[in-house]
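Here the structure is a predicted model, which is why all the values come from computation and not from measurement.
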Amino acid sequence: GKVTLVKVENGVATISSELKTTNKQTGESKPMNLKFTSHVDTATSKLNKVDGKVTDLPANEQGMQIDSVTILMERVAK
């Protein structure tokens, strides 16, 4: 895969990731594609936010095909 430091601004690093992964369901022929953007606090190295998309998912056990999954996670400080 590929990981790129896009920018560092106001103490936050923006990192782009493009990965391919296989598992038991995908087999070796068609990997899932993951594209994410992460925002990391440079002072603490803590992940503030990550969002992205997973495509080329294998069919689930019920045979339903999902085209893509969008993911968003954000750290909430109390």
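- Pairing each heavy atom of S38 with each of L47, the nearest pair is CB-CD1, 3.9 Å.
- Between atom CG of residue L19 and atom CZ of residue F36 there is a gap of 8.0 Å, rounded to the nearest 0.5 Å.
- The minimum heavy-atom distance linking L57 with M32 is given by the pair CA-CG, 4.0 Å.
- T37 places none of its side-chain heavy atoms less than 4.5 Å from the side chain of V50.
- A distance of 4.5 Å separates CG in N33 from CG in D56, rounded to the nearest 0.5 Å.
- The structure places NZ of K53 at 9.5 Å from NZ of K35, a figure rounded to the nearest 0.5 Å.
- Looking at D51 and H39, their side chains come closer than 4.5 Å, going by heavy atoms from C-beta outward.
- For the pair Q65 and P58, the tightest heavy-atom approach, listed with the atom from each and the gap, is OE1-C, 4.1 Å.
- Separation of atoms OG1 (T21) and CG (L34) is listed at 6.5 Å; rounding is to 0.5 Å.
- Within the model, atoms NZ of K46 and CZ of R75 stand 5.5 Å from one another, a figure rounded to the nearest 0.5 Å.
- Using a 4.5 Å heavy-atom cutoff, the side chains of V8 and T42 are in contact.
- Note that OG1 of T55 is 7.5 Å distant from NZ of K20, once rounded to the nearest 0.5 Å.
- Between V54 and I71, the closest heavy-atom pair is CG2-CD1, 4.0 Å.
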Worked check of side-chain contact (heavy atoms from CB on, under 4.5 Å) between V12 and K7: CA-CA 8 Å; V12 177; K7 67 180 177 178; over 6 Å; no
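- Side-chain atoms of I15 and V40, non-hydrogen and from C-beta on, do get closer than 4.5 Å to each other.
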